[in-house]
Each structure stands twice: as C-alpha cells, then as structure tokens.
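What follows is a short report on a single structure.
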There are 2 protein chains.
Amino acid sequence: MTKPNPQTIAAWTSLVTANRVLLDDIEYALKTAGLPKLSWYDALLEIEKAGAAGIRPFDLKERLLLPQYGMSRLLDRMAKAGLVDRQDVEDDGRGQIVRLTQKGRDVRQAMWPVYAATLTRSVERHLSQDEAAELHRLLKKLARTKS
Amino acid sequence: MTKPNPQTIAAWTSLVTANRVLLDDIEYALKTAGLPKLSWYDALLEIEKAGAAGIRPFDLKERLLLPQYGMSRLLDRMAKAGLVDRQDVEDDGRGQIVRLTQKGRDVRQAMWPVYAATLTRSVERHLSQDEAAELHRLLKKLARTKS
DNA sequence: CCAATATAGATGCAACTGCATCTACAAGAG
DNA sequence: CTCTTGTAGATGCAGTTGCATCTATATTGG
C-alpha cells in the first residue's frame, strides 16, 4: 500500500474544508437573495460564453464536470425556468443546441454581484493577491487530469 | 458592488475544480472496491477519535460541517449498517452518545488503504512535499471562519 | 413553581443525484 | 444495404439532501 505523506493529507483535508466553507457561504448568499444555486451560475456562464452559436450538452458537461444525466436534468430545469432554449440541430439528429435566453442573461447578471461580493469578502479578507495567485498556481497544477 | 480581483476568481475556480476532480477520483475508487462513500469515512474517523467516551451528534456535526438533519440521517444509515451505536445519555434527556462498533472500526480500516492510495496518486503525482505544505498553509488561511 | 425561550434530535415532503437502462440516430464493416 | 457498434440524450427508480417543522427536554427569568 502506498502511504501518503502528511503534507498530502493535510493539503487534501484543508482543500475539502475550504471548499465547503466558501461554498456554503456563497450558496447562503444566493439563496438569501432569492437567486438560483451556484451550479446554475456556472452553467449559465458557460452557455453565455458560447453566444449565438450555442453549445451542445455533451460539450457543456465536460466543461462543468457533470455526469451526462446531471447535465440533462439541469438543462431540463433551466429550460423550464425559461433561462435556456434547446433546439434540435440538423447536422446530428441525436443532438441539440443550447442557448441562453434573455431571461437567462438577466438572471446570470443578477447573480453575479451577490456571488462576487461574497467571494471577495471570503477570499480577500484572508489572502493577499499574491497568495491567491500562488494558490491558483498550486491548485491548477494539482488538478491537471493528464500529468 | 465589491469587484473581486482576477486572482480571487482564479483561485476559487481552481479550488472548485481541484476539489471535484480529486473527489470524483476517490469516490470512484471507493465504490469500485465496494466500500462506503467518503462522507462515511470522515464520520467514522471522527467518531473513532472520540473513543470509548463517544461523541454527541451536535458536536460531530460541527466537526464535519454538516447540517443537523444531515448528521441525523447519516447516523441513521450508519447505525442501520451496524457501524455505529447510539445510546441515550442520562445527563441530558434530549441527547445521545455515538460510538463506533467493531464493525465500524473494521470498515474504516478497510477504507483507508483505498482512500490513501488514491489520494497519494492524485496529489503526489502533481505536487512536491513543499508544494503540498504550501497549499495546506494557504487553504487553512483561506478557510479560517473567524478572520 | 410556572412561563418563555433555547437546544438536541427526528421527520414529512419536495428537490436533486446516482445508477442502470433505454431510445434514437450515426458511423463503420462486410 | 444491413448488421454491429458507438454516441447523444432521456428516464425510472432508489437513495440523498434541503427546508421547514415537530417533539422532547433543558434553562432562564420571574
């Protein structure tokens, strides 16, 4: 058995904790403001980035690290809420193209200030810009799927 | 509105991604080995640390950062699986004390090698000991509840 | 002692997630 | 063309989570 060194365990533990603390904080702020969950924000942003060309669900799920059925259902809910528009694509009879509606853009814009304010407060109270940059460097290195 | 600086956003985004990547990896390894989810491991470990004295659910939920109802139900499931033992405590008629059963200890021990091996592989392939230590330092700083 | 308030824990219900499987179309092999 | 295999997406069912509320006991203030 491969025994991890203490730094590894400490890093992982603190990663999980930091993630949960900030996430709870952000989710709480969004809910209090009567806005959708953070997972919706990520999806809205990614779809918005795709612009008028739209994006295919299978592509979206890779970017959001969601399982296929999770993506399918998230789009269901967002479509029902009128935030996205799904239409069949003719090159591929199996697939569809997702685009943001105006309401989707509005909701994303409404979420951003709340999200940003909480994030700023949570991070910048504790870390300097340099520290945040260093953290980013290390985390990106950590998460490289292909080593 | 408080506008976050780019380092803040980058750090947060990479934190979420790294968390998800490693978590998926670990959960997959545990499931493949026919073992319980990681959240059970954390609870088992914390309860085991409490030893013969046991621990109160309200205390446990603080350590695990779980909501009260989440804790209640997790203990339900673990008790049903025979991993923990709940008994009423006489100083406080509302409360209970949770202890690990022998089976609980066995299961935690069975989980550890799988958990450890995956963690080691995922972290130590990408980060040196010093980098892991630095990551830990930054994340701990980030998650301090009280500034 | 009694009333008001606080704390420990459980629970009904709705929403969400995971898993397995299903349908529909696409692509390649013969 | 037709068969096999692959890919996009949906869905039934069971398990989990979130929210609000409930019960029971404890504590505090009069």
Side-chain angles (χ1 to χ4, degrees), chain A residues 19-20 23-43 47 50 54-81 83-99, chain B residues 19-20 23-43 47 50 54-81 83-99:
Chain A
N19 183 67
R20 216 178 275 163
L23 199 63
D24 286 355
D25 208 2
I26 292 166
E27 293 287 18
Y28 178 78
L30 287 171
K31 182 167 323 176
T32 299
L35 292 166
K37 308 186 44 178
L38 186 55
S39 56
W40 285 40
Y41 183 86
D42 295 335
I47 299 166
I55 185 169
R56 299 284 299 266
F58 75 93
D59 198 348
L60 204 47
K61 83 180 197 298
E62 300 301 334
R63 296 174 196 233
L64 298 173
L65 301 180
L66 286 178
Q68 182 271 320
Y69 57 81
M71 190 72 256
S72 175
R73 279 166 168 153
L74 179 54
L75 289 171
D76 272 355
R77 284 175 244 131
M78 294 198 303
K80 196 151 71 177
L83 306 186
V84 304
D85 176 65
R86 286 197 274 195
Q87 49 186 132
D88 293 349
V89 58
E90 70 274 0
D91 346 356
D92 186 342
R94 296 164 300 182
Q96 53 195 213
I97 284 276
V98 181
R99 291 185 190 80
Chain B
N19 183 67
R20 213 178 275 163
L23 200 64
D24 285 356
D25 207 2
I26 293 166
E27 293 288 17
Y28 178 78
L30 287 171
K31 181 166 324 175
T32 299
L35 292 166
K37 308 185 45 177
L38 186 55
S39 56
W40 287 39
Y41 183 87
D42 296 334
I47 298 166
I55 185 167
R56 299 283 300 266
F58 76 94
D59 198 348
L60 204 47
K61 83 181 196 299
E62 301 301 334
R63 297 174 194 233
L64 298 173
L65 302 181
L66 287 178
Q68 183 270 321
Y69 57 80
M71 190 73 256
S72 176
R73 278 166 169 154
L74 179 54
L75 288 171
D76 273 354
R77 283 175 243 131
M78 293 198 303
K80 196 151 72 176
L83 307 186
V84 303
D85 175 65
R86 285 197 276 194
Q87 50 185 132
D88 291 350
V89 58
E90 70 274 2
D91 346 355
D92 187 341
R94 295 164 300 182
Q96 52 194 213
I97 285 277
V98 181
R99 291 185 190 79

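Per chain, numbering begins at 1; letters A, B, ... match sequence-line order. The model shown is predicted, which means the values in this text are computed figures rather than measured ones.
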So, is A:Arg86 near the phosphate of D:dA10, with a side-chain N or O under 4.0 Å from OP1 or OP2? yes
Take the protein atom NZ of B:Lys37 and the nucleotide atom C1' of D:dG15, then report the distance between them rounded to whole Å. 9 Å
Specify the separation, in whole Å, of atom CG of B:Leu38 and atom P of C:dT17. 18 Å
Please name all residues satisfying side chain to side chain donor-acceptor pair (under 3.5 Å) with A:Gln87, sequence neighbours left out, ordered by chain then number. A:Arg99
Quick test of your reading of the model: are A:Arg63 and A:Asp42 salt-bridged, counting only N-O distances below 4.0 Å? no
Please give, in whole Å, the distance from D:dA10 P to A:Met78 CE? 12 Å
Measuring to OP1 and OP2 of C:dA14, would you say a side-chain N or O of A:Arg77 lies under 4.0 angstrom away? no
Atom-to-atom span, NZ of B:Lys80 to C1' of D:dT16 - whole angstrom: 12 Å
Applying side chain to side chain donor-acceptor pair (under 3.5 Å) to A:Arg20 and not counting sequence neighbours gives none
Base D:dG9 to side chain A:Arg56, donor-acceptor N/O within 3.5 Å cut-off: no
Indicate, with a heavy-atom threshold strictly under 4.0 Å, whether B:Arg73 touches base, sugar-phosphate, or nothing. base
Please determine whether a side-chain nitrogen of the Lys or Arg among A:Arg86 and A:Asp76 lies less than 4.0 Å from a carboxylate oxygen of the Asp or Glu. yes
What nucleic acid atoms does A:Asp88 come within less than 4.0 Å of, heavy atoms only: base, sugar-phosphate, or nothing? nothing
Does A:Ser72 use its side chain to pair, donor to acceptor, with the backbone of A:Gln68 at less than 3.5 Å? no
Please report, rounded to the nearest Å, how far the P atom of C:dT7 is from the CG atom of B:Asp91. 18 Å
With side chains defined as the heavy atoms from C-beta onward, is the minimum distance between B:Arg56 and B:Ile97 less than 4.5 Å? yes
Rounded interatomic separation in angstrom, taking CG from B:Asp24 and P from C:dT17: 13 Å
Listed by chain and number, what are the side chain to side chain donor-acceptor pair (under 3.5 Å) partners of B:Arg77, not counting sequence neighbours? none
Sub-4.0 Å heavy-atom contacts from residues 60-70 of chain B onto DNA chain D, ordered by number: B:Pro67, B:Tyr69
Find the distance A:Gln96:CD to C:dC25:C1' and express it as a whole number of Å. 13 Å
Between A:Ser72 and D:dA10, is there a side-chain N or O to OP1/OP2 distance below 4.0 Å? yes
Listing time: all N or O pairs from protein to nucleotides 23-25 of chain D that are below 3.5 Å?
| residue | atom | partner | partner atom | Å |
| --- | --- | --- | --- | --- |
| D:dT25 | O3' | B:Gly93 | N | 3.2 |

With B:Leu23 via side chain to side chain contact (heavy atoms under 4.5 Å, CB included) - residues at least two apart: A:Trp12, B:Asn19, B:Glu27, B:Leu38
Protein-nucleotide distance (B:Asp76, atom CG; C:dG12, atom C1'), rounded to Å: 14 Å
Side-chain touch A:Leu30/A:Trp40, heavy atoms, less than 4.5 angstrom: no
